[in-house]
Every structure is written in C-alpha cells, then in structure tokens.
Amino acid sequence: MDSLIIRGGTRLDGTLRASGSKNAALPILAATLLTGESCTLQRVPLLKDITTMMTLLSSLGAGALRNKEGVVVVEGGSVQVFKAPYDLVKTMRASILVLGPLLARYGLAEVSFPGGCAIGSRPVDLHIRVLEAMGADVQVREGYIVARAPNGLVGVDFTFDTVTVGGTENAVMAASLAQGISVLRNVAREPEIIDLVGFLRAMGAQIVGEGTDTLTIHGVAALQGANYSVMPDRIEVGTYLVAAAATRGRVKIEGIVPEILSVVCDKLRHTGACITEGEDWIDLDMQGNRPRAVDVVTEPYPGFPTDMQAQFTALNTIAEGTSRVTETVFENRLMQAHEMKRMGAEILIDGDSAHITGRLSLQGAPVMASDLRASASLVIAGLVASGETRIDRIYHIDRGYENIEGNLQCLGADIRRIST
Ligand code: UD1
C-alpha cells in the first residue's frame, strides 16, 4: 500500500496546469451509454475513479479505452449486460450514474448500492424517486437497485427535496431519452452539470436551463456519438491554491476558467492572498505572509463547495486568528480534524462545525487518510508542519488527484510516495 512522506516548511512557488474535472468526466462517461455510436472525450483525467468507471462501461459491453494521446474513446454499440456489480460499485459511489442511462436506453438496469467516501450515510433515494416518477419500476433486491421500464421512460414534472448533484445528473440523462417533456426543479447548478448538459447537447439532446435551478428536457428518440472536451477540475485547482496560501507561497494555475472558482478565490482573498486572474489562469501570491483565518459554511453551488471544506480547515489550523468551519451538505465530513489534532492543531468539533484556533505551525506525524478531500487536507497540513508527516491509505487521494506528489514537487515541495 502506498504512503506519502512530506517534509514540511517549504513555500510553494511555481506554475501548474489544471487537469480535466473528475466530477464532470464521470457523468459524461456514464452518458456515453445513451448512444450506440462512439464518443471521443478529451481531457479525461488519469485517476482511479475514472479507471473504475471505464472498467464498469467495458464490463457492460461499451468498450472504453484511452489511446496514446490520452483521449478516451467509448464504443457504445454492444451493451448486453445491464448490471453494475458490487465489486466495482463499492469503490466508487458515482457508479450509480449508469442507472439512468441504462434504464432510459435499454429499459433495464441493476446497480449495486454505492460505496465511495465514508462521509455520512449518502442515500440515493432521490435518484430512485425521480426514475420512478418517469415510470420505472424500482425494487431493491439483495443489495441491488433493480429498475425496469420495458416500455421506456416518460417525461415528468419533478421537484427534488434536496439539491443533489448525482440525482440531477441521473435524471437529466434519463429524461434526454424519455418520451415527452421533463421539467426538473430544485436541481443542482454546479458547473459539472453544465458540462454534462453540454455533452448531452452535443449528442443531440434538447435541454435548456443548465446553471439555473430548473432544467427542461424535450426527450428525443435517439442520441448520437459526440466529440467533447471535459471542463477543468475546480477542486483540484482550489486545492493547489489553498496549499500555496497555507505555505505563504505563490502559484499560477493555467487552463482554468476563473469564474468557477470565484467563491473559493474570495475566501482566499480574505486570508490575505493577492489573486490575479486572466481569461484562463489564476495567480495567487501570499507574498510571504501568514494567512488570516476565515469562516466557511458549505452549500450547494454557487455557495462554498463542500469539496473544499477540508482544505480550508487545514489552512485555518496555521492561520492568524480563530475560525469556524461549518459543513451543511454532508454529515460526518469533519473527520480530517481528528488527524490534524494529532499534528498539534487546535480544533474543537461541535456538531457540524469545527472551531479552530490558528497555531504558528503544526508538527509532522503519521496520519491516515479517511476520504478523498480529507486526504488532500492532510497533505496541506503536512506541507506546513515542521518535520516529517507520513500519510497512509492514500488510495483515497489517487481517486481524485492526478500525480499530486509530482505537481507539488514542481512547486518545490519535499514530498515523495513510498510503497510498503
Ligand atoms: C457530488 C460530488 C461530490 C460532492 C457532492 C456535493 C461527484 C462524482 N461527486 O456527489 O464530490 O461532494 O456532489 O457537491 O460529482 N442526498 C440524498 N438523497 C439522494 C442523493 C443525495 O439525501 O438521493 C443527499 C446526500 O446525502 C448529501 C446531499 O444530498 O447530503 C448532496 O449529495 P449529492 O449532491 O447527491 O452528492 P453526490 O452527487 O454524491
């Protein structure tokens, strides 16, 4: 099993290029099941979760391959298996995203109840309810969601009780091939939803309203193959920006649309960071100064992203002043705080909030990653700690960050991967 060894204390300084977005690429890969034609996807990141989704597509019969140039091609022609098995689904919650496309195109899908990060109970009731509202018969048998719609799905007017990214994605994919018009209300407005709609539209889907809380979809009889480039990963970029701020350093990130990080950049400005932006780059410079503590409350987009909460918790542990970080999207997502306390951080957990008193420094320690973004926050803590930090169970980080140690080495960090 791999671990990361970090010797903290270096100010990060340098330039990186953003990878393609994991959370956009996953639903886009699932959406390729909606057509029998081949789809070509550029800028699909090289990540464990992406490999899992490609293996899942191949196991269904839709051959998914990455060519020498890094372009992913999915041949949708020969799907004959309609079951997403437990062994694949347990490692990645986003496997649930094949449910809507399989059901809409073939009238049949069996998907194991998902696993993924251990951040609360994370039900999939809304994915199921919206598909039932479209006419599917959904049963739960032996740990599997078994959904049938032998006569196809029908358009629906559906309001989500809770804003759900994955639920919105499953619904919009299914509605694209349903008979008639669907109006989906209180949907997620995340940029990754806009990217998925962009791909579906390139396949011939008729959708309006992406980026607002209502999506209207005119179902079509068939979709065609498409060539599409996945958007940049705003969470990866946000993580490197916070890492640079925490180490009092500087980083320029290229290949990113600054607007999709505006809330994160505003928070970073409050820490004292000097941020400049161009059409497709962001530059952050702490000018050697210690960051100031900032309060954070997570919310669905356009609010502060839950996927950046752990990284800001890490920054606040060494910032000047006290702060409160509140998690409202997921339960049980402050687990990184316990590991940071082992590094000398002063954090008090009170329900869904962490109260943090900034220290001048942390001390390196052996720590354990508990989920994807928590792992990233421990890397940031290790970068600002004195001495050596060893992070175990980093398979979590490999699910969502392409070559994190290589990128941080480029910025001057003393970080290496070891296999034990
Ligand atoms: C996606 C992202 C994840 C991010 C999250 C919130 C991907 C692959 N993952 O996860 O990185 O942290 O959005 O921005 O894109 N819920 C229900 N019932 C449901 C579905 C969700 O109650 O049927 C609840 C969840 O428990 C959670 C909240 O809704 O409390 C938001 O979850 P959701 O937006 O669905 O997250 P994911 O799509 O799993």
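None of the values given here were measured: they were computed from a predicted structure. Atoms within each ligand, like the ligands themselves, are counted from 1 in listed order.
- Between D2 and R417 there is a salt bridge, since at least one side-chain N of the basic residue sits less than 4.0 Å from a carboxylate O of the acidic one.
- If you number the atoms of ligand 1 from 1 as listed, the ones under 4.0 Å from a heavy atom of V124 come out as 19 (C), 23 (O).
- Short contacts between ligand 1 and G166, defined as distances under 4.0 Å to a heavy atom of the residue, involve ligand atoms 35 (O), 38 (O).
- Under 4.0 Å is where a charged nitrogen must lie from a carboxylate oxygen, and between R129 and D161 at least one such pair does.
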query = Given R234 and D307, is the salt bridge (Lys or Arg N to Asp or Glu O under 4.0 Å) satisfied, shown in steps?
reply = CA-CA 10 Å; R234 64 192 168 106; D307 285 350; over 6 Å; no
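- The pair R185-D157 meets the salt-bridge criterion, with a side-chain N (NZ, NE, NH1 or NH2) lying under 4.0 Å from an Asp/Glu carboxylate O.
- With atom 34 (O) of ligand 1 as the reference point, the heavy atom nearest to it among L126, N23, V165 is part of V165.
- Residue T162 has at least one heavy-atom neighbour below 4.0 Å for each of these atoms of ligand 1: 29 (O).
- Considering backbone and side-chain N/O of R93, one or more are found under 3.5 Å from N/O of ligand 1.
- Residue R201 places its CZ atom among more than 12 non-hydrogen atoms of other residues, nucleotides or ligands, all under 6.0 Å distant.
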Check: residues 140-147 side-chain donor-acceptor pairs under 3.5 Å, at least two apart:
| residue | atom | partner | partner atom | Å |
| --- | --- | --- | --- | --- |
| Y144 | OH | Y86 | N | 2.9 |

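- Only side-chain heavy atoms of R333 come within less than 4.0 Å of ligand 1; its backbone N, CA, C and O stay farther off.
- The closest non-hydrogen atom to atom 17 (C) of ligand 1, taken over S95, G400, P123, comes from P123.
- Residue-to-ligand polar distances keep E169 apart from ligand 1: every N/O pair is separated by 3.5 Å or more.
- Residue-level proximity to ligand 1 for D307 is carried by the side chain, the only part with a heavy atom below 4.0 angstrom.
- Here is the list of ligand 1 atoms found below 4.0 Å of a heavy atom in T306: 6 (C), 12 (O), 14 (O).
- In terms of polar-atom proximity, G167 is not counted as a contact of ligand 1, lacking any N or O under 3.5 Å from an N or O of the ligand.
- Under a 4.0 Å criterion applied to the non-hydrogen atoms of V329, ligand 1 contributes the atoms 27 (C), 28 (C), 30 (O), 31 (C).
- Residue A246 comes nearest to L315 through the heavy atom pair N-CD1, 3.9 Å, listed as atom of the first residue, atom of the second, then distance.
- With 3.5 Å as the limit, one finds no donor-acceptor pair spanning the side chains of H396 and D371.
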CA sep, side-chain torsions, deciding dist, call: T40, N227, side chain to side chain donor-acceptor pair (under 3.5 Å) = CA-CA 5 Å; T40 305; N227 187 334; 5.0 Å; no
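- The shortest separation from a heavy atom of E192 to ligand 1 is not under 4.0 Å, leaving the residue out of contact.
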